[in-house]
Amino acid sequence: MPELPEVELARSTIEEAGLGRTIVDVDDADDWVCRPHAPGEIRAALVGRRLTAAHRRGKTMWCDTSQEDGEDAGPRLGLHLGMSGRIIVRTAEGGTVHGGDPVRGVDGTDAAVAKAEWYRFTLVFEDGGSLRLFDKRRLGRVRLDPDLEALGPDAAEIGVADFRARVGRGTAPLKARLLDQSVLAGVGNLLADETLWQARQDPHRPAGELSADELTALHRSLRTATEAAVRHGGVHTGEVISHRVKAGRCPRCGADMATGRVGGRTTWWCTAEQQG
DNA sequence: ACTCGTGTTAGCTG
DNA sequence: TCAGCTAACACGAG
């Protein structure tokens with residue numbers, strides 16, 4: 001699930017329900033998710049502190065932490081949801097205040113029961129509540145002081161001039177350019193397909209071939225698609241997403257949807273409007 | 001049994 | 001050195 005819209009929703013969940021609560025315990029035993037930290041390292045850094053702010057750039061989140069007596073401000077806690085991660089914040093009473101049911105999520109699966117081992121990382125608060133990373137596939141990541149240098153500007157905030165300069169260059173397929181997190185941070189496979197469909201652009205087209213006007217329109221489409229996804233609860237709510245299926249038809253013109261691999265990802269496009 | 005995947009990245013190639 | 005591409009990562013779901 002997690003692309004920029006899902007991560008923004010997770011960030012706001014932490015902001016609304018996870019800040020200001022003193023951390024009394026940390027489960028960082030999963031040394032794959034917490035790499036390169038050794039088990040206990042994150043725990044030692046965070047116990048006694050509080051989360052004071054929740055930030056996001058692209059698909060990466062990080063929380064500022066409070067200072068302890070006589071020390072500098074605490075380390076930043078970096079959180080990445082990977083391919084299947086979710087943030088679950090629980091109240092002192094154990095109820096889920098935000099983040100929804102861990103299994104019965106937007107992906108529609110509802111048969112399974114959440115297994116304890118799918119909780120890959122946990123902060124336990126003094127009030128008895130918790131903040132947890134729930135991640136079936138274990139591609140999520142938790143680390144202290146994450147490096148943000150490799151990330152381009154956030155896809156929801158980049159201005160049109162900057163967007164044109166960064167995206168409209170190179171010979172790589174346009175979709176690959178949109179997916180490159182060092183060019184622009186936050187666009188994932190579904191948001192890329194939705195954006196290109198809205199802008200009626202061929203995903204295979206070399207990015208450097210687009211005109212200034214086309215790039216301006218693409219920037220507008222990205223904004224529109226991203227804002228709608230945040231508002232509606234995730235990228236899966238995009239207009240073309242449910243038509244990315246075998247024998248699917250374009251919901252705008254009715255032409256066949258085609259599929260192939262672009263930028264290493266499964267891609268769907270309208271054969272009529274996107275010059276398939 | 002076998003393939004796929006809403007993400008990231010080390011490593012290879014030209 | 002850079003831009004671009006592929007495989008690998010972990011593991012559940014179909």
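Naming: A, B, ... by sequence-line order, numbering from 1 per chain.
- Between the side chain of A/R137 and the base of B/dG5, a donor-acceptor pair under 3.5 Å is found.
- A cation-pi arrangement is absent between A/R86 and A/F134 under the rule of less than 6.0 angstrom and at most 45 degrees off the ring axis.
- A sub-4.0 Å separation between OP1 or OP2 of C/dA10 and a side-chain N or O of A/K136 is absent.
- Contact annotation for A/G82: backbone-only contact, meaning every heavy-atom pair under 4.0 Å involves sugar-phosphate atoms and none involves a base.
- Dashed line: the shortest gap from a side-chain N or O of A/S84 to OP1 or OP2 of B/dG5 is not under 4.0 Å.
- Using a 4.0 Å cut-off between charged nitrogen and carboxylate oxygen, A/E15 and A/R11 count as a salt-bridge pair.
- Using a 4.0 Å heavy-atom criterion, one finds that A/P5 contacts no nucleic acid atom at all.
- In the set C/dG4, B/dG7, C/dC11, B/dG7 carries the atom at the smallest distance from any side-chain atom of A/K59.
- Rounded to whole Å, atom C1' of B/dG5 lies 10 Å from atom CZ of A/R244.
- When distances are taken from the side chain of A/Q181 to each of C/dA10, C/dG4, B/dT8, the shortest belongs to B/dT8.
- Spacing between atom CZ of A/R205 and atom P of C/dG4 amounts to 16 Å, rounded to whole angstrom units.
- A/D213 and A/S211 form no side-chain donor-acceptor contact under 3.5 Å, judged by distance and modelled atom types alone.
- Atom CG in A/L139 sits about 8 Å away from atom C1' in C/dC11, given to the nearest Å.
- Side chain to side chain, A/R132 and A/T122 meet the donor-acceptor criterion of an N or O pair below 3.5 Å.
- Relative to the side chain of A/W118, the nucleotides B/dG7, C/dG12, C/dC5 differ in distance, and C/dG12 lies closest.
- Atom NZ in A/K246 sits about 15 Å away from atom C1' in B/dT3, given to the nearest Å.
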TODO: Dot-bracket notation for DNA chain C is requested: 5' to 3', Watson-Crick or G-U wobble pairs only, both distances under 3.5 Å, with ( ), [ ], | and . as defined.
DONE: .||||||||.||||

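- Whole-Å rounding puts the A/D180 CG to C/dC5 P distance at 11 Å.
- For A/R138, counting side-chain heavy atoms from C-beta on, the closest listed nucleotide (C/dG4, C/dA10, B/dG5) is C/dA10.
- One atom, CG of A/L179, and another, C1' of C/dT6, lie 15 Å apart when rounded to the nearest Å.
- We find that CG of A/N189 is positioned 9 Å from C1' of B/dG5, with the value rounded to whole Å.
- Ion pairing between a basic and an acidic side chain is recognised when a charged N comes within 4.0 Å of a carboxylate O; A/K175 and A/D193 show such pairing.
- One finds a side-chain N or O of A/R265 lying less than 4.0 angstrom from the OP1 or OP2 phosphate oxygen of B/dG7.
- Distances shorter than 4.0 Å separate some side-chain N or O of A/H80 from OP1 or OP2 on B/dT8.
- One atom, CZ of A/R86, and another, C1' of B/dG7, lie 17 Å apart when rounded to the nearest Å.
- Between the side chains of A/D64 and A/T52, no donor-acceptor pair is found at a separation under 3.5 Å.
- The two residues A/L179 and A/N189 come nearest to each other via the heavy atoms CD2-N, 3.7 Å.
- Residue A/W32 has its side chain nearest to C/dA10 when only B/dG7, C/dC5, C/dA10 are considered.
- When the side-chain nitrogen and oxygen atoms of A/R169 are compared with OP1 and OP2 of C/dA3, none of them lie within a distance under 4.0 Å.
- Residue A/T266 places no side-chain N or O under 4.0 Å from the OP1 or OP2 atom of B/dC4.
- Comparing the P positions of C/dG12 and B/dT9 gives an interatomic distance of 23 Å, to the nearest angstrom.
- Between the side chains of A/T65 and A/R50, no donor-acceptor pair is found at a separation under 3.5 Å.
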